[in-house]
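Input: a single structure, listed below in C-alpha cells.
When a ligand or atom number is given, it counts from 1 through the structure's own listing order. The basis for the numbers below is simple: all heavy atoms, side chains too, and nothing from hydrogens, waters or symmetry mates.
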Amino acid sequence: TLSVGSVASPRGAALDEAARRVIPGGANTVTRWIGSPYAFTGADGAYVTDADGRRYLDYHAAFGAVLLGHNHPVVNQAVISAITDRPDLIGLGITELEIEMAELLTSVIPSAEQAVTVMSGSEAVAHSIRMARAVTGRPLLVKFQGTYHGWSDSVARNMISPPERAYGRDPLSAGILDAVLDATVIAEFNDLDSVRALYEAHPEQIAAVILEPIPHNVGALLPTQEFVEGLRTLTREQGSLLIFDEVITGFRHSLGGYQQVCGVLPDLTTYGKAMGNGFPVSGLAGRRELMERFDTAGGDVLMAGTFNGNRVSAAATIATVSYLRDHPDFYERTHRLGQRMRDGLAALLAENGISASVSGFGGTFNVYFVAPPVRGYRDLLRNDARAYVTFHRRMTDKGFLMLPIALKRNHVSGSHTDEDIERTLDAAGAVLKEMAAE
Ligand code: PMP
C-alpha cells in the first residue's frame with residue numbers, strides 16, 4: 001500500500017510532471033514511486049530537503065542504503081580521492097582498492113572466506129542462486145512468504161502478498177517463465193515444519209534455502225534462535241545450501257551482519273545497501289570451496305559485470321566498513337536509539353488504546369497495526385494497512401520521513417540524536433491521539 005504526504009509541493013509537482021514525460025511513471029525504480037509530489041534536492045546527516053525547501057527528519061534512509069547519515073564526510077572524501085588519485089576503470093586484472101575491499105569484507109563477515117562485489121543486491125542474489133544450483137545439481141529454491149531478494153526471475157514472487165495469493169502463486173512481474181516461477185517454492189518464516197514439508201514433497205530437489213534472517217521487507221519479523229539453527233541443521237542434512245540475504249541486515253545490525261548476532265553461519269551471504277553508505281555496491285561471500293566455483297577462479301559458474309569492483313564503489317565500501325569497524329560504539333548508539341523509539345511508540349500506542357505491535361531490531365523500527373504476537377507472515381495478513389497509511393501521511397506532514405509502504409521498516413542512522421527521537425515521539429503521540437479519537 002502506497003501513501004503520500006498531503007502538504008502542497010508546487011516545485012515537487014512540477015518536477016514530477018517533467019519526470020513523467022521522459023521516465024515511465026516518473027521513477028527509475030518501482031519502490032520510489034510514492035504518488036508524488038516528492039522530489040528531493042538535498043540531504044545532510046539525518047535530514048533531507050524537498051524541492052520546495054521543506055526539511056524532513058529521515059528514517060527512510062534510501063531504503064536503508066544510508067547508514068552513517070547522508071553526505072557523510074568520511075565516505076565523500078574517500079570517493080573524491082578515489083576519483084582523483086586512483087586508476088580509471090581499465091577492464092583488465094585487479095586494482096589495489098578491490099583487494100583492500102575484499103580483505104576488509106572477509107575479515108568482518110564471519111562466514112566469508114572469499115568475497116566478490118557487484119553493483120546491486122539483485123545481482124548478488126542471482127549469482128548466489130546459480131551457484132547453489134551448480135554446486136548441488138538440483139533445481140529448486142525455497143523462499144519464504146514475505147521476503148524480497150531483488151528483481152531476478154527466480155525470486156520475483158510472494159513478497160507482500162494479499163491473503164488470497166499468499167503462499168500461492170504470486171509473481172511480482174509479468175514476463176517470467178512459469179517454469180522459473182515454479183522452481184521457487186514458498187515456506188512460512190519461523191516455521192521449520194513448513195520447510196521440512198517442502199523437503200518431503202521434493203526429495204533431493206532443493207538446491208538452497210534463501211532467507212532474509214530478519215525479513216525487513218515486511219518490517220521486522222524476528223527469527224527464533226530455534227528457527228535459524230534448525231534451518232542450518234536441516235539444509236546441511238539435506239545437502240542444500242543455506243543463503244542469508246543480508247542486503248539489509250548486513251553492516252546495519254552488527255559489523256558481521258545478523259549471522260554474527262545469531263551465531264549461525266550460512267554457506268553464502270549476499271550483502272549490499274548500507275555497505276557503501278549510499279554509493280552503489282553489493283556483494284556475495286562464502287566458503288572458499290564454493291566461491292572458487294566461479295569462473296573467475298577457473299570454475300564453471302559465470303561471474304561477470306563491467307562495473308564490478310569499480311573505484312567509486314570500492315572506496316565507498318572501504319570507507320564505510322572501516323568507519324564502522326573503528327567505531328564500535330556506533331552499534332551501541334543506534335541500537336539504544338532504536339530501542340528508545342520502539343519503547344516510546346509501544347507506550348504511545350498503549351496509552352491511546354490502539355491495537356498494534358511495534359517491531360524492529362537494532363536501529364530499525366516499524367508499527368504493525370495488528371495485535372501481538374507477530375511471529376510470521378500469517379500474522380501480518382491481519383495488518384490494517386489503512387491505519388499505517390494514515391499514520392505515515394500525518395508523520396510525513398509533520399516533517400518525519402518514513403517508508404511509505406505499510407509493513408516496511410524505518411531506520412535510525414548514525415546521525416540521529418536523542419533529541420531527534422524525542423521530537424519524533426512527540427509528533428507520533430499527537431498523530432496517534434488524533435487517530436484514536438476518530
Ligand atoms: N535483498 C534484499 C533483502 C533487499 O532488501 C533488496 C532491496 N530492497 C535486494 C535484495 C535487492 O537489492 P537491489 O535493490 O540493490 O538490487
Could you check, using the six-membered ring where one of them is a Trp, whether Phe189 and Phe227 have ring centers closer than 6.0 angstrom? yes
In this structure, is the centre-to-centre distance between the rings of Phe361 and His216 below 6.0 Å? no
If we set the cut-off at 4.0 Å for heavy atoms, which region of [X] has an atom near ligand 1: side chain, backbone, both, or neither?
{"X": "Lys273", "result": "side chain"}
{"X": "Thr147", "result": "neither"}
{"X": "Tyr148", "result": "both"}

Is a side-chain N or O of Asp267 found less than 3.5 angstrom from the main chain of Leu242, in a donor-acceptor match? yes
Looking at [Y] and [X], is any side-chain nitrogen of the basic one under 4.0 Å from a carboxylate oxygen of the acidic one?
{"X": "Arg393", "Y": "Asp397", "result": "no"}
{"X": "Arg340", "Y": "Asp343", "result": "no"}
{"X": "Asp191", "Y": "Arg375", "result": "no"}

Starting from atom 5 (O) of ligand 1, which protein heavy atom do you reach first, and at what distance in Å? Asn217 ND2, 3.0 Å
How far is atom 16 (O) of ligand 1 from its nearest protein heavy atom, and which residue and atom is that? Ser122 OG, 2.6 Å
Taking only residues two or more places apart in sequence or in another chain, which ones pass side chain to side chain contact (heavy atoms under 4.5 Å, CB included) with Leu15? Arg11, Ala39, Ala51
Does any N or O of ligand 1 fall below 3.5 Å from an N or O anywhere on [X], backbone included?
{"X": "Ser282", "answer": "no"}
{"X": "Trp151", "answer": "no"}
{"X": "Glu212", "answer": "no"}
{"X": "Ile248", "answer": "no"}

Which of the numbered atoms in ligand 1 are below 4.0 angstrom from a heavy atom of [X]?
{"X": "Asp245", "value": "1 (N), 2 (C), 3 (C), 10 (C)"}
{"X": "Gly150", "value": "9 (C), 10 (C), 11 (C)"}
{"X": "Gly121", "value": "11 (C), 12 (O), 13 (P), 15 (O), 16 (O)"}

Can you tell me which residue among His411, His416, His392 is in a ring pair (Phe, Tyr, Trp, His ring centres under 6.0 Å) with Tyr59? His416
